[in-house]
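Since the structure comes first, as structure tokens, the remarks are kept for the end.
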Amino acid sequence: MPLVVIVTRDVADRFRGFLKSVMLEVAPAVYVSPRMSKGVRDRTWNVLTEWHDFEPRGSIVMVWRDNNETGGIGLAHVGEPPRELVEMDGMWVARLRRQAQSL
């Protein structure tokens, strides 16, 4: 059960209240759980994304260890700006996700 970190920005108070009930708030809007199972992580993320669909304000980023993902880090986010992990010259960096341009 890996460490999970969630960071929120400009979200409604109910997001913070919910996250405080399942994780430890180590700094304003930064939540950690040292041993969150995949099932609990998925259910927590489902609640956050459903709430964000109804109130699309701010952003939420979740990071966890995932050896099957780029750089060994799982990354999920809602809101703006979306990011992705890419390898550049042997380093892993986060960059803004490129949006498909409509013609």
Side-chain angles (χ1 to χ4, degrees):
M1 289 187 270
L3 173 74
V4 175
V5 178
I6 296 178
V7 179
T8 63
R9 182 179 57 92
D10 274 341
V11 294
D13 288 340
R14 74 179 185 162
F15 288 88
R16 297 186 70 195
F18 170 69
L19 287 170
K20 285 180 186 181
S21 74
V22 294
M23 303 175 83
L24 177 63
E25 187 174 21
V26 295
V30 179
Y31 305 88
V32 247
S33 178
R35 291 178 298 276
M36 185 178 278
S37 70
K38 181 182 182 327
V40 173
R41 184 182 73 227
D42 290 344
R43 287 190 298 275
T44 301
W45 188 248
N46 286 339
V47 168
L48 296 174
T49 56
E50 286 176 17
W51 286 2
H52 195 270
D53 288 344
F54 289 110
E55 193 172 356
R57 178 179 111 195
S59 64
I60 306 167
V61 176
M62 180 169 66
V63 180
W64 68 98
R65 187 182 74 190
D66 186 343
N67 294 328
N68 297 320
E69 292 294 329
T70 302
I73 296 173
L75 179 65
H77 49 80
V78 293
E80 293 294 327
R83 306 214 185 265
E84 64 184 344
L85 293 177
V86 294
E87 183 179 6
M88 297 181 79
D89 297 327
M91 295 182 354
W92 295 105
V93 297
R95 73 171 179 197
L96 293 176
R97 179 175 287 165
R98 294 182 179 163
Q99 302 288 330
Q101 294 180 353
S102 58
L103 300 174

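With rounding to the nearest 0.5 Å, the separation of OG in Ser33 from CE in Met23 is 5.0 Å. Residue Trp45 holds its CH2 atom at 8.0 Å from NE2 of His77, rounded to the nearest 0.5 Å. Here Phe18 contributes atom CZ and Thr8 contributes atom OG1; the two are 12.5 Å apart, rounded to the nearest 0.5 Å.
Linking Ile, Leu, Val, Met, Phe, Trp and Tyr whenever their side-chain heavy atoms come within less than 4.5 Å leaves Leu48 and Phe54 in two separate clusters.
In plain terms, the two heavy atoms of Val22 and Met36 that are nearest each other are O-CE, 4.3 Å. Considering every non-hydrogen atom in both Met62 and Ile6, the closest pair reads CG-CG1, 3.7 Å.
Not counting sequence neighbours, the partners of Arg16 by the side chain to side chain donor-acceptor pair (under 3.5 Å) test are Glu25, Tyr31. The side chain to side chain donor-acceptor pair (under 3.5 Å) search around Asp42 returns Lys38, not counting sequence neighbours.
Proximity of a side-chain donor or acceptor of Arg65 to a complementary backbone N or O of Ile73 within less than 3.5 Å is not detected.
Between Glu69 and Leu75, the closest side-chain pair of non-hydrogen atoms is not below 4.5 Å. Between Val11 and Ile60, the closest side-chain pair of non-hydrogen atoms falls below 4.5 Å.
Within 6.0 Å of atom CG in Asn46, more than 12 heavy atoms from other residues, nucleotides or ligands are found, so the atom counts as buried in its surroundings.
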